[in-house]
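Position 1 is the first residue of the sequence, and the numbers go up from there.
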Amino acid sequence: LKQSLEVYVDGMTTTDKKTLRVQRLDGTISIADVADPKLMEKIITVKQNGKSIPVSWVHESRTVSHFAVEGIQRTEKEGSVELSWDGSPLEVVEEQIFEIFCLLESKIIIIPALGDFKVVDVKVIQSPEQYAALQFSDPLLENQNLEGLITLSGGSSLKYIIENNEIRVYPQTRQVGTQTITAETGIVNVLNMPLKERYSMEVLFEEIKPAIALIGKGVILPNSNGLVFPFKAVSLKAVDLKILKIYEKNIAQYLQVNNLSGDRELRRVGKVILKKTIQLTQKNATDLGKWNNYSFDLAELIKTEPGAIYKIIIDFKKEYASYACTDSSGTTGQEDLQPVEDNLDDEHDWDYYGDYYYEGEYYYDDEYDYKQRDNPCNSAYYRRKSQSRNVLASDLGLIAKRGTDGSMHFVVTNLITTQPLPNTTIEILDYQLQVIKTLKTSVDGMCEASFSKKPFLMVAKSGEQRGYLKLDD
C-alpha cells in the first residue's frame with residue numbers, strides 16, 4: 001500500500017478571553033497505512049515569527065492523530081503562523097519501504113489583528129447531525145440571542161450552539177444543495193464588540209455518506225434485554241453481518257492476551273459461525289438518507305452457548321449504498337445487492353484478523369486510491385468502515401478486592417435485580433490456566449481467600465450463567 005498523509009486544520013480558538021491575545025491551533029493528521037504514533041509526532045512543525053512552537057499530541061489510532069499548538073500570540077497587527085509537514089519519517093515503517101505521496105508541504109494560517117472581529121471560516125458537517133460551523137476570530141458571548149442574526153437562504157428554521165470561537169447552526173430539516181449562509185453585524189464577541197461587517201457565503205449541503213455506528217457500550221448483555229444487538233446506519237440499503245464465536249472452554253486462553261473486548265489471536269480460540277446480509281429497506285426506515293436505528297436478535301440467528309463470547313462484526317459494500325453517484329454517462333451508479341457468501345471456512349477471514357491490517361476485500365484492491373478514501377462513489381471509501389463489538393450474554397456482576405496481606409474478597413450480584421447471588425461457584429485460575437482455588441459464595445454473594453501470588457482470572461458459574469474477571473490488571 002502506498003503510504004500517504006493528509007493534514008487538516010480544525011480551527012483556531014482563543015484561550016485568553018480577557019485580552020484575546022493567546023490562541024490555540026488544533027489539527028489532525030490522517031495516513032493511509034498504519035505507523036508508529038511516535039513517528040507521526042515528527043511530521044509537524046509550527047513556527048511564528050521564525051520561532052518554533054511546541055506541539056502536543058493525542059493519538060486516536062495508528063492512522064489518525066490530533067495535534068494542538070498552544071501559546072500562539074495575537075497582536076494589534078495581522079500576523080500568521082506557518083504549519084509545515086514532512087512525510088519523510090514514514091519512509092520506513094516496520095522494515096517496509098513506502099513511497100511517500102505527500103513529502104513536504106506547508107500552510108500559512110492568518111491571525112487577525114486584535115479588534116478585527118470577523119468570520120474566518122465556514123464548514124458544513126454532514127453527520128451524525130447536519131450543521132454549519134462558523135468560526136470567528138474572537139470568542140463569542142455565549143448567552144446572546146442569535147435569532148435572525150444567522151440565516152440560510154432556504155428559509156429553514158435554525159437552532160444555534162455557541163462554543164468559544166464557533167457558532168454551530170443546525171437546520172430543523174436536512175438540507176441538500178447550495179445555500180447562502182449570512183451572519184449579521186448584531187453578533188458580538190465575549191467583550192461585547194459587534195461583528196465589523198455583514199458576512200455571506202455559499203455553502204454546499206450534501207447527502208450523508210454511507211456509514212454505520214454501534215449503539216451503547218460494554219460487552220456484557222444481561223438477559224433482561226434479550227439478545228438484541230442495536231446499531232444505526234445512514235445511506236445504506238443493507239449491511240453484512242459476521243459473527244465469530246469464542247468458545248467457553250477457550251475463554252481463559254483468550255483472556256491471556258485480551259480483555260473482554262479484545263480481538264487478538266482469535267483464530268486460536270474461535271471461529272466464524274455466521275455470515276449474513278441484512279436488508280435495511282425492510283426495517284421500516286422511511287428515509288435512508290438520515291441516521292436510522294436498527295437491531296437484530298442474536299437468538300434468532302444463532303444457537304447461543306452460555307459462557308461463550310460472540311464478536312459481532314457489521315460491514316458494508318459499495319453496492320449497498322443508497323448514496324446517489326453519477327457516472328460519466330450521466331446515469332446513477334447504484335448496483336444491485338450481492339449478498340455476502342455464506343462461506344464459513346473462508347481463509348480470508350483470518351488474514352491478519354484482529355490486527356490493523358484486517359479491513360475486508362477493499363484492503364487488497366490493487367487499484368486502491370488513498371486520495372479517493374472520502375468519496376462514496378469510489379471503492380476506496382469502503383475500506384476501514386466495519387464496526388465490531390464483543391458480546392457475553394450474562395446476568396452476573398463480578399467484583400474483586402485485594403487486601404495488602406494477600407487476601408482477596410469476591411462479590412457476585414445479579415445485574416438485573418442487583419441482588420447478591422448465593423451458592424455461586426468461583427474458580428480462581430493462575431496464568432497457566434490451572435484452577436488454584438474453588439470457592440462458593442455465601443448468602444450475601446461473597447467469599448474470600450488468601451493467595452501467595454497474584455491470581456490471573458476469576459470465573460463465576462451460576463446455573464448456565466458465566467462471568468469472567470481478570471485479576472492481574
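- For the pair Glu147 and Lys159, the salt-bridge criterion is not met [side-chain N within less than 4.0 Å of a carboxylate O].
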Exercise. Do Ile215 and Asn293 pass the side chain to side chain contact (heavy atoms under 4.5 Å, CB included) test, and can you show the C-alpha distance, the side-chain angles, and the key distance before you say yes or no?
Worked result: CA-CA 9 Å; Ile215 298 174; Asn293 292 341; 3.6 Å; yes

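- Between Arg168 and Glu163 there is a salt bridge, since a side-chain N of the basic residue sits under 4.0 Å from a carboxylate O of the acidic one.
- Taking the charged nitrogens against the carboxylate oxygens, Lys242 and Asp240 have no contact shorter than 4.0 Å, which rules out a salt bridge.
- The side-chain heavy atoms of Trp57 and Ile29, taken from C-beta on, include a pair separated by under 4.5 Å.
- Rounding to the nearest 0.5 angstrom, the gap separating the CD atom in Glu207 from the CD atom in Gln130 is 11.0 Å.
- No side-chain donor-acceptor contact under 3.5 Å links Asp263 and Tyr254.
- Met12 CE to Glu166 CD: the interatomic distance, rounded to the nearest 0.5 Å, is 14.0 Å.
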For this session: Test side chain to side chain contact (heavy atoms under 4.5 Å, CB included) on Ile251 and Ile309 and set out the steps.
Result: CA-CA 8 Å; Ile251 297 294; Ile309 293 176; 3.7 Å; yes

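- In this structure, the side chain of Tyr382 engages the main chain of Pro376 through a donor-acceptor pair within 3.5 Å.
- For the pair Tyr294 and Ile314, the minimum side-chain heavy-atom distance is 4.5 Å or more.
- In this structure, CZ on Phe229 lies 5.5 Å from CZ on Arg389, to the nearest 0.5 angstrom.
- Residue Tyr381 comes nearest to Asn375 through the heavy atom pair CB-O, 3.1 Å, listed as atom of the first residue, atom of the second, then distance.
- In this structure, Thr14 contributes its side chain and Lys17 its backbone to no donor-acceptor pair below 3.5 Å.
- Between the side chain of Ser153 and the main chain of Thr180, a donor-acceptor pair closer than 3.5 Å is present.
- Put simply, the side chain of Ile312 reaches to within 4.5 Å of the side chain of Leu298, judged on heavy atoms.
- Judged purely by atom type and a 3.5 angstrom limit, Arg74 uses its side chain to pair as donor or acceptor with the backbone of Pro112.
- Inter-residue side-chain proximity for Ile313 and Ile243 is flagged as unmet; no heavy-atom pair is nearer than 4.5 Å.
- At distances below 3.5 Å, at least one donor-acceptor pair connects side-chain atoms of Ser137 with backbone N or O atoms of Lys118.
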Identify every side-chain donor-acceptor pair in residues 42-51 under 3.5 Å, counting partners at least two apart or on other chains, and give the distances.
unit_1 : atom_1 : unit_2 : atom_2 : d
Gln48  : OE1    : Gln73  : N      : 3.0
Gln48  : NE2    : Gln73  : O      : 2.7

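- For the residue pair Lys311 and Ser388, the shortest heavy atom distance occurs at NZ-OG, 3.6 Å.
- Taking a cutoff of 4.0 Å between a charged side-chain nitrogen and a carboxylate oxygen, Glu6 and Lys371 qualify as a salt bridge.
- Phe136 has its ring centre less than 6.0 Å from the ring centre of Phe117.
- Here the closest heavy-atom approach between residue Thr182 and residue Ser200 is recorded as OG1-OG, 3.2 Å.
- For Gln372, the CD atom counts as densely surrounded, since its 6.0 Å shell holds more than 12 non-hydrogen atoms of other residues, nucleotides or ligands.
- Applying side-chain contact (heavy atoms from CB on, under 4.5 Å) to Asn189 and the options Leu140, Leu141, Leu20, Asn165 leaves one that passes, Leu20.
- At a threshold of 4.5 Å between non-hydrogen side-chain atoms, the residues Leu398 and Tyr468 do not count as touching.
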Exercise. Yes or no on side chain to side chain contact (heavy atoms under 4.5 Å, CB included) for Asp121 and Val119, after CA distance, side-chain angles and deciding distance?
Worked result: CA-CA 6 Å; Asp121 195 16; Val119 179; over 6 Å; no

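- The side-chain heavy atoms of Ile109 and Ser80, taken from C-beta on, include no pair separated by under 4.5 Å.
- Scanning both residues, Ile212 and Ala233, for their nearest heavy atoms gives CG2-CB, 3.9 Å.
- Distance alone, capped at 3.5 Å, places no donor-acceptor pair between the Gln23 side chain and the Val69 backbone.
- Taking OG of Ser295 as the start and NZ of Lys232 as the end, the distance is 14.5 Å to the nearest 0.5 Å.
- At distances below 3.5 Å, at least one donor-acceptor pair connects side-chain atoms of Thr15 with backbone N or O atoms of Val22.
- Within the 4.5 Å cutoff, the side chain of Leu255 has heavy atoms near those of the Leu260 side chain.
- Expressed to the nearest 0.5 Å, how far CG of Leu266 lies from NZ of Lys245 amounts to 15.0 Å.
- Listed for the Thr413 side chain is no donor-acceptor partner under 3.5 Å among the backbone atoms of Leu415.
- For the pair Asp395 (side chain) and Asn414 (backbone), a donor-acceptor distance under 3.5 Å is absent.
- Here the side chains of Ser30 and Tyr8 are in contact, with some heavy-atom distance below 4.5 Å.
- Tyr320 places no side-chain N or O within 3.5 Å of a backbone atom of Thr277 that could act as its donor or acceptor partner.
- Between the side chains of Gln175 and Thr173, at least one donor-acceptor pair of N or O atoms lies under 3.5 Å.
- Taking CG from Leu83 and CG from Leu25, the interatomic distance works out to 6.5 Å, rounded to the nearest 0.5 Å.
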Exercise. How far apart are the C-alpha atoms of Tyr199 and Thr185, what are their side-chain angles, what is the distance that settles it, and do they pass the side chain to side chain contact (heavy atoms under 4.5 Å, CB included) test?
Worked result: CA-CA 8 Å; Tyr199 176 88; Thr185 56; over 6 Å; no

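- Contact between Val219 and Ser261 at its shortest, heavy atoms only, is CG2-CB, 3.8 Å.
- In this structure, Val269 and Glu265 approach most closely via the heavy-atom pair CG2-O, 4.0 Å.
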